[in-house]
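Everything on this sheet refers to the single structure shown next.
Any value given below was found using the heavy atoms of this structure, including those in side chains, with hydrogens, waters and symmetry copies removed. Labels below follow one simple rule: chain letters A, B, ... track the order of the sequence lines, proteins then strands, and each chain is numbered from 1.
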Amino acid sequence: MSVQKPSIPKGTRDFTPTEMVRRNFIFNTVRSVFEIFGYLPIETPAMENLSTLMGKYGEEGDKLLFKILNSGNYLEGIPDSGYQMTDDSNPVSGIRHLKSDIGAFTRHISEKGLRYDLTVPFARFVVQHQNELVFPFKRYQIQPVWRADRPQKGRYREFFQCDVDVIGSPSLLYEVELIQIIDEVFSRLGIQTTTLFNNRKILAGIAEAIGAPEKMNEITVAIDKLDKIGLEKVCLELKEKDLHDSAISALQPVLLMEGSINDKILVLEDLFKLSETGMKGIVELKHLVSLLKDLDLRNKWTFDVRLARGLNYYTGTIIEVKANEVAMGSICGGGRYDDLTGIFGLPGVSGVGISFGADRIYDVMNELNLFPETIQHTTRVLFVNFGPEEERFALKLLNEIRHEGIPAEIYPDSSKLKKQLEYASRKQIPLAVLIGKDEMESGLLTVKDLASGVQSRLSTEEFIRSLKNI
RNA sequence: GUGGUCGUAGCUCAGCUGGUUAGAGCGUCAGAAUGUGGCUCUGAAGGUCGUGGGUUCGAAACCCAUCUUCCACCCCA
């Protein structure tokens, strides 16, 4: 039997205790902010039926779904001679046919997949539990999601999302609330951010107004690249996407737009004389901006027409957050979806939500050294072990200290003192308690402060009191 | 998914155009008057050179495949 090198699938990671302490710091911060705003937790299974997942994220998204092979003999029911199509009853024979309709074959052997995000499972959850829920329903959800993407920096195949959504109200107050949550979370974590928002109706309006409503996606994707590739190439790309010259020139004012939010709104209002949808978007945008202006948020925010979020289900406001000091994809994003639950049989319910990317937030904080030192160590007191008798004595005291809620431990054997103190030192345990014969007889403990090296003799009562005071 | 890129001790890397027993720093472990850590000193362990093929008298170095890393596109947290 050969020894195999241990490894984990690409794009996945192990987390060490140090990393977990830091990750939990992020989760706890996010969680407590969510709760302050009145959101409650839910969880859903790691796997969903493929029928729930497929078709919700566009063609690209479908490809990125991790599918789970049916258990047992998943080839059962497929005749030896070929493959029976699911949607018509003509048997097709031969492996070549099977390959040519890989979709149908996949549906046969796999009916579950790992969740791709938390929003779609949430929609499914709402429809399934609609009778038990109070609307507007505000929930948060912190769980891993999986995407069969090609990994890169800040891009993993398994990562945690922290979602907050509210469903059952079209009120713009919730957009404001989410932007407040973003501000609060990042202020607490110490990350300086810029929150960008846009409105899907404005994007649709632009496409409509320049006479190419069916090309909205192409147009938004191209506009999104403006910073990256420049005006000329954007226009070139639009041309390649079969957009008329007249449409491209009509788009120029939008591409060249700059100045304050109000300036941009004026440009758009002018354009939207030809688009009702666009006007609606402007009305929403103006309302949102006026509400935000009164709030004195600590982080930057602004309207950005170039913001284009791909997911097909957004219909109103779209939001994205970037860290100011680190080059990384967005660390938070989301938006308003008017009919996410419609496909599951509950039409006309509007919702809005955002998702914090815990893993990217971790990377950003790590790069900027933002994790506070104080979250590091857990054990605060180590009892040094001098032998069976001393052990007994220490165990009693150890128990008392733990009852006071102070994390403490005892060294497992009477190794050299040197070794025991080194253990404390390496684990960054601040206090070591030495109980040997002297201490047992006198009842005075020797307490060593590892940071300063100072030792003191304290009675057990004094010691416990001093621990509680810190 | 498309196009690149990286892979040598636990970690960070060196190893000249293929040539004999593959190196360093850090870390680890063991010692340095037997109840005192971090610093210092001494010593030791640790590598199928990502994996599998091939070229060659000879490969860590060259070729192919494969996995992994990172990057660009795509998309996104």
Do the side-chain N or O atoms of [X] get closer than 4.0 angstrom to the phosphate oxygens (OP1, OP2) of [N]?
X        : N     : value
A:Lys225 : B:C74 : yes
A:Arg150 : B:U68 : no
A:Gln420 : B:U36 : no
A:Lys416 : B:G37 : no

Of B:U36, B:C29, B:A77, the nucleotide closest to the side chain of A:Arg426 is B:C29
Taking only the side-chain heavy atoms of A:Lys448 (C-beta and beyond), determine which of B:G37, B:C74, B:A77 contains the nearest atom.
-> B:G37
Is atom CD of A:Glu232 surrounded by more than 12 heavy atoms (other residues, nucleotides or ligands) closer than 6.0 Å?
-> no
Member of A:Asp165, A:Val166, A:Ile318 meeting the side-chain contact (heavy atoms from CB on, under 4.5 Å) criterion with A:Val352 = A:Val166
What is the pairing partner of B:A65, taking Watson-Crick or G-U wobble pairs with both distances under 3.5 Å in any strand?
-> B:U51
By a strict heavy-atom criterion of less than 4.0 Å, which residues belonging to residues 438-446 of chain A are in contact with RNA chain B?
-> A:Asp438, A:Glu439
Go through the side-chain N and O atoms of A:Arg31 and A:Asn28 and say whether any donor and acceptor fall under 3.5 Å apart.
-> yes
Donor-acceptor side-chain pairing of A:Asn385 and A:Glu391 below 3.5 angstrom | yes
A:Phe386 over B:G35, stacked by centroid distance under 5.5 Å, angle under 30° = no
Where each residue is assigned the nucleotide of RNA chain B containing its nearest heavy atom, which of A:Ser425 and A:Arg157 is assigned the position nearer the 5′ end?
-> A:Ser425
Salt bridge (Lys or Arg N to Asp or Glu O under 4.0 Å) partner of A:Glu48, the single match among A:Arg124, A:Lys67, A:Lys56 | A:Arg124
